[in-house]
Amino acid sequence: MTPPNPDPTLVETLRSDLTATGYGVAGVEELLGPVAADALHREEPVPALRATAASVDPLAALVRLFLLGLTVPGAAVRGALPRLGVEGAVRLGLLEESGDEVRALVDLRPYTAADGHGEVDWWIASDLGELATGRALRTDHVLGVGGASTTLAQVTVRSEVDHVLDLGTGCGIQALHASRHARHVVATDISERALAFTRFNAALAGIELDLRLGSMLDPVAGSELDLVVSNPPFVITPRTADVPAYEYRDGGRAGDAIVRDLVTGVGSVLAPGGVAQMLGNWEVTRGSSWDERVGQWLDESGLDGWVVQRELQDPAQYAETWIRDGGTTPDRDLDAWRTRYAAWLDDFASRDVEGIGFGIITLRRPPLGVATLRRLEEVTGTVQQPLGPAIAASLAAETWLSSSSDDVLAAAHLVAAPDVTEERYLTPGAVDPQVVILRQGGGFGRAVQAGTALAGFVGACDGELSVGQIIGALGALLQVPASEVAADVLPSVRGLVRDGLLALA
(Lines give C-alpha, C1' and ligand atoms only; values in the text may rest on other atoms or scores of the structure.)
Protein backbone atom coordinates (compact mmCIF):
# COMPACT_ATOMS: atom_id res chain seq x y z
CA MET A 1 0.00 0.00 0.00
CA THR A 2 1.15 3.54 -0.77
CA PRO A 3 1.56 5.83 2.27
CA PRO A 4 -0.97 8.65 2.57
CA ASN A 5 -0.58 11.85 0.58
CA PRO A 6 0.14 14.97 2.71
CA ASP A 7 -1.78 17.37 0.44
CA PRO A 8 -2.02 20.52 2.63
CA THR A 9 -5.58 21.51 1.68
CA LEU A 10 -7.01 18.02 2.01
CA VAL A 11 -5.13 17.38 5.26
CA GLU A 12 -6.53 20.58 6.77
CA THR A 13 -10.04 19.50 5.72
CA LEU A 14 -9.50 16.06 7.23
CA ARG A 15 -8.36 17.60 10.51
CA SER A 16 -11.45 19.75 10.63
CA ASP A 17 -13.77 16.79 10.01
CA LEU A 18 -12.08 14.53 12.56
CA THR A 19 -12.33 17.27 15.16
CA ALA A 20 -15.97 18.00 14.42
CA THR A 21 -16.92 14.31 14.53
CA GLY A 22 -15.23 13.91 17.92
CA TYR A 23 -12.76 11.31 16.70
CA GLY A 24 -10.45 11.62 19.71
CA VAL A 25 -9.35 9.32 22.50
CA ALA A 26 -12.03 10.56 24.89
CA GLY A 27 -14.75 10.42 22.23
CA VAL A 28 -13.91 6.88 21.16
CA GLU A 29 -13.75 5.62 24.74
CA GLU A 30 -17.10 7.22 25.53
CA LEU A 31 -18.66 5.65 22.44
CA LEU A 32 -17.29 2.16 23.14
CA GLY A 33 -17.53 2.15 26.91
CA PRO A 34 -14.72 1.05 29.24
CA VAL A 35 -15.02 -2.70 28.61
CA ALA A 36 -14.90 -2.51 24.82
CA ALA A 37 -12.23 0.22 24.86
CA ASP A 38 -9.96 -1.83 27.13
CA ALA A 39 -10.50 -4.94 25.01
CA LEU A 40 -9.59 -3.02 21.85
CA HIS A 41 -6.33 -1.90 23.50
CA ARG A 42 -5.60 -5.63 23.89
CA GLU A 43 -6.47 -6.12 20.19
CA GLU A 44 -9.68 -7.95 21.03
CA PRO A 45 -12.28 -6.46 18.63
CA VAL A 46 -15.49 -8.32 19.53
CA PRO A 47 -16.74 -5.93 22.26
CA ALA A 48 -16.06 -2.93 20.00
CA LEU A 49 -17.84 -4.63 17.10
CA ARG A 50 -20.88 -5.14 19.30
CA ALA A 51 -20.76 -1.60 20.68
CA THR A 52 -20.76 -0.01 17.21
CA ALA A 53 -22.87 -2.48 15.24
CA ALA A 54 -26.21 -0.66 15.56
CA SER A 55 -24.88 2.86 16.12
CA VAL A 56 -25.76 5.62 13.68
CA ASP A 57 -23.28 8.00 15.31
CA PRO A 58 -20.83 9.25 12.63
CA LEU A 59 -18.04 8.51 15.12
CA ALA A 60 -18.95 4.81 15.02
CA ALA A 61 -18.35 4.79 11.27
CA LEU A 62 -14.79 6.05 11.78
CA VAL A 63 -14.13 3.52 14.54
CA ARG A 64 -15.34 0.63 12.38
CA LEU A 65 -13.43 1.96 9.39
CA PHE A 66 -10.02 2.88 10.85
CA LEU A 67 -9.76 0.91 14.10
CA LEU A 68 -11.60 -2.31 13.26
CA GLY A 69 -10.72 -2.56 9.55
CA LEU A 70 -14.32 -3.10 8.41
CA THR A 71 -16.01 -2.01 5.23
CA VAL A 72 -18.47 0.80 5.86
CA PRO A 73 -21.27 2.17 3.64
CA GLY A 74 -20.17 5.22 1.70
CA ALA A 75 -23.08 7.24 3.06
CA ALA A 76 -21.91 6.65 6.63
CA VAL A 77 -18.39 7.78 5.74
CA ARG A 78 -19.74 10.94 4.10
CA GLY A 79 -21.65 11.64 7.29
CA ALA A 80 -18.46 11.26 9.35
CA LEU A 81 -16.27 13.26 6.93
CA PRO A 82 -18.75 15.81 5.53
CA ARG A 83 -16.22 18.30 4.14
CA LEU A 84 -13.56 15.88 2.93
CA GLY A 85 -15.97 13.26 1.65
CA VAL A 86 -15.06 9.83 0.38
CA GLU A 87 -13.48 11.33 -2.72
CA GLY A 88 -11.11 13.51 -0.71
CA ALA A 89 -10.15 10.62 1.58
CA VAL A 90 -9.42 8.49 -1.49
CA ARG A 91 -7.20 11.24 -2.90
CA LEU A 92 -5.33 11.33 0.42
CA GLY A 93 -4.73 7.59 0.16
CA LEU A 94 -6.71 6.81 3.30
CA LEU A 95 -9.62 4.92 1.76
CA GLU A 96 -10.62 2.91 -1.28
CA GLU A 97 -14.15 2.69 -2.64
CA SER A 98 -15.83 -0.36 -4.13
CA GLY A 99 -19.40 0.23 -5.20
CA ASP A 100 -21.30 1.52 -2.18
CA GLU A 101 -18.73 0.20 0.29
CA VAL A 102 -15.59 1.90 1.60
CA ARG A 103 -12.61 0.43 3.43
CA ALA A 104 -9.53 1.94 5.02
CA LEU A 105 -6.09 1.58 3.49
CA VAL A 106 -4.33 2.79 6.65
CA ASP A 107 -4.80 2.68 10.38
CA LEU A 108 -5.71 6.18 11.54
CA ARG A 109 -6.26 6.48 15.26
CA PRO A 110 -6.51 9.26 17.81
CA TYR A 111 -3.70 9.82 20.27
CA THR A 112 -3.48 12.12 23.26
CA ALA A 113 -0.01 13.47 24.03
CA ALA A 114 0.50 14.05 27.74
CA ASP A 115 4.17 14.77 28.32
CA GLY A 116 4.42 17.62 30.81
CA HIS A 117 3.56 20.31 28.26
CA GLY A 118 -0.19 20.00 28.61
CA GLU A 119 -2.38 17.62 26.64
CA VAL A 120 -2.88 17.77 22.89
CA ASP A 121 -4.79 15.46 20.56
CA TRP A 122 -3.25 14.11 17.37
CA TRP A 123 -4.16 11.44 14.83
CA ILE A 124 -1.50 8.92 13.89
CA ALA A 125 -1.57 7.08 10.57
CA SER A 126 0.29 3.80 10.12
CA ASP A 127 -0.06 0.56 8.21
CA LEU A 128 -3.08 -1.58 8.98
CA GLY A 129 -2.28 -4.15 11.64
CA GLU A 130 -3.01 -7.83 11.84
CA LEU A 131 -6.33 -7.14 13.59
CA ALA A 132 -7.62 -5.37 10.48
CA THR A 133 -6.00 -7.46 7.77
CA GLY A 134 -6.05 -10.92 9.32
CA ARG A 135 -2.63 -11.52 7.76
CA ALA A 136 0.99 -11.53 8.85
CA LEU A 137 2.68 -8.16 8.62
CA ARG A 138 4.60 -7.06 5.55
CA THR A 139 8.34 -6.67 6.14
CA ASP A 140 8.23 -2.92 5.44
CA HIS A 141 5.27 -2.47 7.81
CA VAL A 142 5.12 0.97 9.45
CA LEU A 143 4.06 0.49 13.04
CA GLY A 144 1.70 2.82 14.86
CA VAL A 145 1.90 3.87 18.50
CA GLY A 146 2.53 0.77 20.61
CA GLY A 147 3.54 0.09 24.18
CA ALA A 148 7.23 0.71 23.51
CA SER A 149 6.49 4.05 21.81
CA THR A 150 4.38 5.17 24.74
CA THR A 151 7.02 4.09 27.25
CA LEU A 152 9.74 6.04 25.47
CA ALA A 153 7.56 9.15 25.17
CA GLN A 154 6.86 9.03 28.91
CA VAL A 155 10.48 8.58 30.02
CA THR A 156 11.93 11.27 27.75
CA VAL A 157 13.35 14.39 29.38
CA ARG A 158 11.26 17.34 28.18
CA SER A 159 13.55 20.30 28.80
CA GLU A 160 13.25 23.23 26.39
CA VAL A 161 16.06 22.71 23.86
CA ASP A 162 17.16 23.76 20.38
CA HIS A 163 18.04 20.58 18.48
CA VAL A 164 16.49 17.11 18.79
CA LEU A 165 16.96 13.91 16.78
CA ASP A 166 14.36 11.16 16.59
CA LEU A 167 16.43 8.25 15.31
CA GLY A 168 14.34 5.52 13.65
CA THR A 169 11.21 7.64 13.66
CA GLY A 170 8.74 5.08 12.29
CA CYS A 171 5.34 6.80 12.27
CA GLY A 172 6.94 9.91 13.80
CA ILE A 173 5.40 9.87 17.26
CA GLN A 174 8.62 10.70 19.15
CA ALA A 175 9.37 13.55 16.74
CA LEU A 176 5.89 14.99 17.29
CA HIS A 177 6.42 14.91 21.05
CA ALA A 178 9.84 16.54 20.65
CA SER A 179 8.36 19.36 18.58
CA ARG A 180 6.55 20.57 21.70
CA HIS A 181 9.78 21.51 23.47
CA ALA A 182 12.42 21.86 20.72
CA ARG A 183 13.10 24.54 18.16
CA HIS A 184 14.28 22.11 15.47
CA VAL A 185 13.50 18.39 15.20
CA VAL A 186 15.22 15.99 12.81
CA ALA A 187 13.50 12.64 12.21
CA THR A 188 15.44 9.89 10.46
CA ASP A 189 14.72 6.37 9.24
CA ILE A 190 16.09 3.83 6.78
CA SER A 191 12.54 3.33 5.49
CA GLU A 192 11.16 5.73 2.91
CA ARG A 193 7.66 4.45 3.76
CA ALA A 194 8.17 5.34 7.41
CA LEU A 195 9.28 8.85 6.50
CA ALA A 196 6.23 9.21 4.24
CA PHE A 197 3.92 8.29 7.11
CA THR A 198 5.79 10.69 9.39
CA ARG A 199 5.40 13.45 6.81
CA PHE A 200 1.64 12.88 6.70
CA ASN A 201 1.29 12.69 10.49
CA ALA A 202 3.28 15.89 10.96
CA ALA A 203 1.11 17.66 8.38
CA LEU A 204 -2.06 16.43 10.12
CA ALA A 205 -0.71 17.74 13.44
CA GLY A 206 0.34 21.06 11.89
CA ILE A 207 4.00 20.47 12.77
CA GLU A 208 7.16 20.99 10.69
CA LEU A 209 9.90 18.35 10.89
CA ASP A 210 13.26 17.91 9.17
CA LEU A 211 13.00 14.41 7.64
CA ARG A 212 16.17 12.59 6.54
CA LEU A 213 16.66 9.16 5.02
CA GLY A 214 19.58 7.15 6.35
CA SER A 215 20.93 4.61 8.81
CA MET A 216 21.84 5.15 12.45
CA LEU A 217 23.73 8.43 13.02
CA ASP A 218 24.82 8.96 9.40
CA PRO A 219 22.15 11.60 8.55
CA VAL A 220 23.29 13.82 11.45
CA ALA A 221 27.04 13.22 11.40
CA GLY A 222 28.91 16.26 12.68
CA SER A 223 25.90 17.66 14.54
CA GLU A 224 25.76 18.79 18.15
CA LEU A 225 22.35 17.79 19.46
CA ASP A 226 20.66 18.59 22.76
CA LEU A 227 18.53 15.45 22.77
CA VAL A 228 18.55 12.18 20.88
CA VAL A 229 15.55 9.94 21.35
CA SER A 230 15.28 6.53 19.75
CA ASN A 231 13.07 3.49 19.71
CA PRO A 232 15.56 1.67 17.50
CA PRO A 233 15.02 -1.65 15.71
CA PHE A 234 16.45 -3.47 18.73
CA VAL A 235 14.79 -6.87 18.36
CA ILE A 236 17.37 -9.68 18.28
CA THR A 237 16.40 -11.71 15.22
CA PRO A 238 18.26 -14.64 13.62
CA ARG A 239 19.71 -13.73 10.26
CA THR A 240 18.42 -16.73 8.29
CA ALA A 241 16.36 -16.99 5.13
CA ASP A 242 13.50 -18.70 6.99
CA VAL A 243 12.97 -15.74 9.34
CA PRO A 244 11.56 -12.51 7.89
CA ALA A 245 13.20 -9.25 8.92
CA TYR A 246 10.85 -6.35 9.66
CA GLU A 247 12.20 -2.86 9.11
CA TYR A 248 10.43 -1.41 12.14
CA ARG A 249 12.03 -3.80 14.62
CA ASP A 250 15.02 -5.65 13.11
CA GLY A 251 18.27 -3.76 12.75
CA GLY A 252 19.96 -6.29 10.50
CA ARG A 253 22.86 -6.94 12.86
CA ALA A 254 23.77 -9.98 14.88
CA GLY A 255 22.67 -10.16 18.48
CA ASP A 256 22.39 -6.85 20.34
CA ALA A 257 25.00 -5.08 18.20
CA ILE A 258 22.69 -2.27 17.08
CA VAL A 259 21.99 -1.17 20.66
CA ARG A 260 25.66 -1.46 21.58
CA ASP A 261 26.65 0.66 18.57
CA LEU A 262 24.14 3.35 19.48
CA VAL A 263 25.26 3.46 23.10
CA THR A 264 28.94 3.68 22.21
CA GLY A 265 28.50 6.00 19.23
CA VAL A 266 25.78 8.51 20.10
CA GLY A 267 28.19 10.71 22.05
CA SER A 268 29.66 11.84 18.71
CA VAL A 269 26.53 13.88 17.97
CA LEU A 270 25.71 15.15 21.47
CA ALA A 271 26.42 18.70 22.57
CA PRO A 272 27.97 19.11 26.05
CA GLY A 273 25.19 18.25 28.47
CA GLY A 274 23.19 16.68 25.64
CA VAL A 275 21.06 13.66 26.52
CA ALA A 276 20.26 10.49 24.58
CA GLN A 277 17.41 8.23 25.60
CA MET A 278 16.49 4.93 24.00
CA LEU A 279 14.89 1.58 24.54
CA GLY A 280 16.88 -1.57 23.97
CA ASN A 281 17.45 -5.28 24.32
CA TRP A 282 20.70 -6.86 25.48
CA GLU A 283 21.88 -10.43 25.71
CA VAL A 284 22.83 -12.10 28.98
CA THR A 285 25.26 -14.95 28.41
CA ARG A 286 25.83 -17.96 30.60
CA GLY A 287 27.85 -17.17 33.72
CA SER A 288 27.48 -13.39 33.43
CA SER A 289 25.06 -10.75 34.66
CA TRP A 290 23.20 -8.27 32.48
CA ASP A 291 24.94 -5.26 33.98
CA GLU A 292 28.41 -6.57 33.09
CA ARG A 293 27.69 -6.44 29.38
CA VAL A 294 25.82 -3.15 29.37
CA GLY A 295 28.33 -1.66 31.81
CA GLN A 296 31.08 -2.32 29.27
CA TRP A 297 29.10 -0.34 26.70
CA LEU A 298 28.81 2.59 29.10
CA ASP A 299 32.53 2.51 29.84
CA GLU A 300 33.31 2.52 26.14
CA SER A 301 30.92 5.40 25.45
CA GLY A 302 32.67 7.81 27.82
CA LEU A 303 29.25 9.22 28.70
CA ASP A 304 27.25 9.51 31.86
CA GLY A 305 25.07 6.42 31.80
CA TRP A 306 21.94 5.22 33.56
CA VAL A 307 20.35 1.92 32.50
CA VAL A 308 17.16 0.53 34.01
CA GLN A 309 16.37 -3.09 33.20
CA ARG A 310 12.59 -3.49 33.24
CA GLU A 311 12.22 -7.09 32.09
CA LEU A 312 14.26 -10.26 31.56
CA GLN A 313 13.04 -13.06 29.28
CA ASP A 314 14.50 -16.47 28.55
CA PRO A 315 15.22 -17.34 24.87
CA ALA A 316 11.98 -19.29 24.46
CA GLN A 317 9.82 -16.48 25.85
CA TYR A 318 11.61 -13.98 23.64
CA ALA A 319 11.17 -16.09 20.50
CA GLU A 320 7.46 -16.54 21.16
CA THR A 321 6.96 -12.81 21.71
CA TRP A 322 8.52 -11.70 18.46
CA ILE A 323 7.32 -14.51 16.20
CA ARG A 324 3.77 -13.64 17.26
CA ASP A 325 4.53 -9.93 16.79
CA GLY A 326 5.16 -10.61 13.11
CA GLY A 327 1.79 -12.33 12.77
CA THR A 328 2.94 -15.97 12.76
CA THR A 329 1.05 -18.21 15.17
CA PRO A 330 0.92 -22.00 15.57
CA ASP A 331 -2.76 -22.14 14.65
CA ARG A 332 -2.21 -20.13 11.46
CA ASP A 333 1.00 -21.74 10.16
CA LEU A 334 2.42 -24.47 12.38
CA ASP A 335 5.36 -25.29 10.10
CA ALA A 336 6.51 -21.66 9.91
CA TRP A 337 6.05 -21.31 13.66
CA ARG A 338 8.25 -24.30 14.43
CA THR A 339 10.88 -23.36 11.87
CA ARG A 340 11.21 -19.81 13.17
CA TYR A 341 11.09 -20.90 16.81
CA ALA A 342 13.99 -23.30 16.19
CA ALA A 343 15.96 -20.63 14.33
CA TRP A 344 15.65 -18.24 17.28
CA LEU A 345 16.76 -20.85 19.79
CA ASP A 346 19.68 -21.90 17.57
CA ASP A 347 20.76 -18.27 17.19
CA PHE A 348 20.79 -17.65 20.94
CA ALA A 349 22.52 -20.98 21.62
CA SER A 350 25.30 -20.05 19.17
CA ARG A 351 26.23 -17.14 21.48
CA ASP A 352 25.50 -18.98 24.74
CA VAL A 353 22.64 -16.60 25.56
CA GLU A 354 20.55 -17.48 28.60
CA GLY A 355 18.43 -14.34 28.87
CA ILE A 356 17.45 -11.17 27.05
CA GLY A 357 16.99 -7.95 28.97
CA PHE A 358 14.77 -5.03 28.03
CA GLY A 359 15.05 -1.58 29.44
CA ILE A 360 15.56 2.14 29.30
CA ILE A 361 18.93 3.70 28.53
CA THR A 362 19.72 7.32 29.42
CA LEU A 363 23.07 8.77 28.37
CA ARG A 364 24.52 12.23 28.72
CA ARG A 365 27.62 13.91 27.41
CA PRO A 366 29.11 15.08 30.73
CA PRO A 367 28.50 18.79 31.19
CA LEU A 368 31.70 19.06 33.23
CA GLY A 369 33.77 17.01 30.79
CA VAL A 370 34.23 13.88 32.92
CA ALA A 371 31.64 11.14 33.31
CA THR A 372 30.45 10.83 36.89
CA LEU A 373 27.22 8.84 36.51
CA ARG A 374 27.36 5.09 35.98
CA ARG A 375 24.17 3.51 37.20
CA LEU A 376 22.74 0.13 36.25
CA GLU A 377 19.71 -1.05 38.16
CA GLU A 378 16.80 -3.43 37.83
CA VAL A 379 13.33 -1.98 38.40
CA THR A 380 10.65 -4.48 37.47
CA GLY A 381 7.76 -3.17 39.58
CA THR A 382 5.18 -0.51 38.83
CA VAL A 383 6.48 3.00 38.20
CA GLN A 384 4.56 6.26 38.03
CA GLN A 385 4.59 7.57 34.49
CA PRO A 386 5.61 9.93 33.12
CA LEU A 387 9.14 9.29 34.37
CA GLY A 388 10.70 12.05 32.27
CA PRO A 389 10.50 14.71 35.00
CA ALA A 390 12.02 12.33 37.57
CA ILE A 391 14.87 11.42 35.23
CA ALA A 392 15.53 15.09 34.41
CA ALA A 393 15.59 15.99 38.11
CA SER A 394 17.94 13.11 38.86
CA LEU A 395 20.36 14.17 36.11
CA ALA A 396 20.36 17.74 37.44
CA ALA A 397 20.93 16.48 40.97
CA GLU A 398 23.82 14.30 39.79
CA THR A 399 25.48 17.35 38.22
CA TRP A 400 25.16 19.33 41.46
CA LEU A 401 26.27 16.43 43.68
CA SER A 402 29.31 15.58 41.58
CA SER A 403 30.63 19.13 41.94
CA SER A 404 29.66 19.59 45.62
CA SER A 405 31.95 18.61 48.47
CA ASP A 406 30.59 17.51 51.83
CA ASP A 407 31.18 21.06 53.05
CA VAL A 408 28.99 22.43 50.24
CA LEU A 409 26.36 19.81 51.02
CA ALA A 410 26.49 20.72 54.71
CA ALA A 411 25.67 24.33 53.86
CA ALA A 412 22.70 23.37 51.69
CA HIS A 413 19.07 23.53 52.78
CA LEU A 414 16.97 20.51 51.78
CA VAL A 415 13.29 19.65 51.78
CA ALA A 416 11.63 16.25 51.67
CA ALA A 417 9.68 15.71 48.44
CA PRO A 418 5.90 15.96 48.96
CA ASP A 419 5.35 12.37 47.79
CA VAL A 420 7.69 10.86 50.42
CA THR A 421 6.11 8.96 53.30
CA GLU A 422 7.61 7.17 56.26
CA GLU A 423 6.67 3.66 57.31
CA ARG A 424 7.58 2.31 60.76
CA TYR A 425 7.44 -1.35 61.71
CA LEU A 426 7.34 -2.26 65.40
CA THR A 427 6.92 -5.53 67.22
CA PRO A 428 3.95 -5.56 69.62
CA GLY A 429 4.78 -3.67 72.81
CA ALA A 430 8.00 -2.14 71.46
CA VAL A 431 8.64 1.58 71.83
CA ASP A 432 11.17 2.00 69.04
CA PRO A 433 10.63 0.74 65.47
CA GLN A 434 12.72 -2.13 64.18
CA VAL A 435 12.49 -0.94 60.59
CA VAL A 436 11.91 2.53 59.13
CA ILE A 437 11.27 2.83 55.39
CA LEU A 438 11.18 6.06 53.41
CA ARG A 439 8.88 5.48 50.44
CA GLN A 440 8.59 7.55 47.28
CA GLY A 441 5.05 7.86 45.93
CA GLY A 442 5.95 9.01 42.39
CA GLY A 443 8.75 8.39 39.92
CA PHE A 444 10.42 5.03 40.38
CA GLY A 445 8.58 4.47 43.67
CA ARG A 446 11.79 3.82 45.57
CA ALA A 447 11.78 2.44 49.11
CA VAL A 448 14.83 3.22 51.26
CA GLN A 449 15.44 1.58 54.62
CA ALA A 450 16.60 4.23 57.08
CA GLY A 451 18.35 4.03 60.41
CA THR A 452 17.44 6.24 63.33
CA ALA A 453 19.76 9.08 62.30
CA LEU A 454 18.71 9.13 58.65
CA ALA A 455 15.00 8.98 59.49
CA GLY A 456 15.44 11.83 61.94
CA PHE A 457 17.42 13.80 59.35
CA VAL A 458 14.75 13.48 56.65
CA GLY A 459 12.04 14.35 59.16
CA ALA A 460 13.83 17.63 59.89
CA CYS A 461 14.31 18.59 56.24
CA ASP A 462 11.80 21.41 55.86
CA GLY A 463 14.21 23.95 54.35
CA GLU A 464 14.70 25.94 57.54
CA LEU A 465 17.94 24.41 58.83
CA SER A 466 21.04 23.59 56.81
CA VAL A 467 22.26 20.03 56.46
CA GLY A 468 25.09 20.79 58.86
CA GLN A 469 22.75 22.28 61.44
CA ILE A 470 20.48 19.22 61.32
CA ILE A 471 23.47 16.91 61.72
CA GLY A 472 24.67 18.91 64.73
CA ALA A 473 21.23 18.72 66.34
CA LEU A 474 21.04 14.96 65.72
CA GLY A 475 24.47 14.49 67.29
CA ALA A 476 23.35 16.30 70.43
CA LEU A 477 20.10 14.32 70.54
CA LEU A 478 21.80 10.96 70.04
CA GLN A 479 24.75 11.94 72.25
CA VAL A 480 27.37 11.15 69.60
CA PRO A 481 29.86 13.45 67.85
CA ALA A 482 28.41 15.30 64.87
CA SER A 483 31.25 13.93 62.74
CA GLU A 484 29.97 10.39 63.34
CA VAL A 485 26.46 11.40 62.36
CA ALA A 486 27.81 13.05 59.22
CA ALA A 487 29.80 9.94 58.26
CA ASP A 488 26.68 7.82 58.76
CA VAL A 489 24.15 10.10 57.10
CA LEU A 490 25.77 12.11 54.30
CA PRO A 491 26.33 9.24 51.79
CA SER A 492 22.65 8.30 52.14
CA VAL A 493 21.61 11.94 51.85
CA ARG A 494 23.43 12.14 48.53
CA GLY A 495 21.49 9.10 47.34
CA LEU A 496 18.18 10.57 48.49
CA VAL A 497 18.90 13.82 46.63
CA ARG A 498 19.91 11.90 43.50
CA ASP A 499 16.68 9.87 43.62
CA GLY A 500 14.42 12.82 44.32
CA LEU A 501 13.35 11.99 47.87
CA LEU A 502 15.17 15.13 48.99
CA ALA A 503 15.56 18.34 47.01
CA LEU A 504 17.29 21.68 47.37
CA ALA A 505 15.05 24.19 49.13
Side-chain angles (χ1 to χ4, degrees), residues 1 35-50 67-70 103-104 106-107 109 126-151 170 191 231-256 258 279-286 310-359 380:
M1 297 293 182
V35 173
D38 287 346
L40 192 57
H41 288 312
R42 302 191 302 271
E43 298 194 350
E44 292 293 343
V46 174
L49 291 169
R50 292 167 60 89
L67 302 187
L68 299 176
L70 302 175
R103 75 177 184 94
V106 302
D107 182 298
R109 64 184 58 219
S126 61
D127 276 322
L128 290 168
E130 183 186 355
L131 177 66
T133 65
R135 301 187 301 273
L137 303 180
R138 51 190 289 167
T139 55
D140 62 352
H141 179 85
V142 176
L143 194 66
V145 180
S149 300
T150 302
T151 295
S191 166
N231 183 10
F234 58 71
V235 176
I236 301 169
T237 305
R239 306 263 60 84
T240 65
D242 295 328
V243 178
Y246 296 93
E247 287 181 343
Y248 72 88
R249 72 178 203 191
D250 300 315
R253 306 188 188 190
D256 52 18
I258 194 165
L279 304 181
N281 278 152
W282 39 83
E283 296 182 333
V284 183
T285 56
R286 182 174 287 107
R310 295 287 288 149
E311 185 179 2
L312 182 68
Q313 290 186 318
D314 64 44
Q317 291 172 315
Y318 192 85
E320 292 165 18
T321 296
W322 294 108
I323 298 171
R324 289 184 186 277
D325 177 80
T328 300
T329 59
D331 58 329
R332 179 176 293 163
D333 190 339
L334 183 58
D335 288 340
W337 172 266
R338 288 177 172 172
T339 297
R340 292 168 188 179
Y341 206 139
W344 245 285
L345 297 183
D346 288 343
D347 184 56
F348 284 131
S350 71
R351 293 187 297 277
D352 213 18
V353 174
E354 286 190 327
I356 303 92
F358 166 81
T380 57

Can you list everything that forms a side chain to side chain contact (heavy atoms under 4.5 Å, CB included) with [X]? Sequence neighbours excluded, please.
X	answer
Pro47	Ala36, Ala39
Leu279	Ala148, Thr151, Leu152, Asn231, Phe234, Phe358, Ile360
Thr150	Val145, Gln154
Leu67	Tyr23, Val28, Leu40, Val63, Arg109

Task: Results of side-chain hydrogen bond (donor to acceptor under 3.5 Å, both in side chains) for Thr240 - residues two or more places apart only - done: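 Scan of Thr240 (side-chain hydrogen bond (donor to acceptor under 3.5 Å, both in side chains), adjacent residues dropped) gives none.
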Task: Asp242: side-chain hydrogen bond (donor to acceptor under 3.5 Å, both in side chains) partners, not counting sequence neighbours - done: none
- [ ] Sequence neighbours left out, what pairs pass salt bridge (Lys or Arg N to Asp or Glu O under 4.0 Å) with at least one residue falling in residues 131-146?
- [x] Arg138-Asp140, Asp140-Arg193
- [ ] May I have all residue pairs that pass salt bridge (Lys or Arg N to Asp or Glu O under 4.0 Å) and include part of residues 331-350, sequence neighbours excluded?
- [x]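 Pairs touching residues 331-350 that pass the test: Glu130-Arg332, Asp347-Arg351.
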Please identify each residue that fulfils salt bridge (charged side-chain N to carboxylate O under 4.0 Å, His left out) with [X], with sequence neighbours left out.
X	answer
Glu354	Arg286
Arg324	none
Arg253	Asp261
Glu247	none

Task: Ring geometry between Tyr246 and Tyr248 (parallel below 30°, tilted from 30 to 60°, perpendicular above 60°) - done: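 Taking Tyr246 first and then Tyr248, their aromatic rings sit tilted (interplane angle of 30° to 60°).
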Open item on the list: Could you check whether any side-chain N or O of Asp256 sits under 3.5 Å from a backbone N or O of Asn281, counting only pairs where one atom can act as donor and the other as acceptor?
Closed with: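 No, the answer is negative, given that no donor and acceptor are paired below the 3.5 Å cut-off.
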Task: Distance (rounded to the nearest 0.5 Å) between Arg249 CZ and Leu143 CG - done: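 The CZ atom of Arg249 sits 10.0 Å away from the CG atom of Leu143.
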[Y] side chain reached by [X] side chain, heavy atoms, under 4.5 Å:
X	Y	answer
Phe348	Ile236	yes
Val243	Trp344	yes
Thr133	Asp127	no

Open item on the list: For a quick test of reading the model, state the closest non-hydrogen atom pair linking Pro244 to Thr237 and the distance between them.
Closed with: O-CG2, 4.3 Å
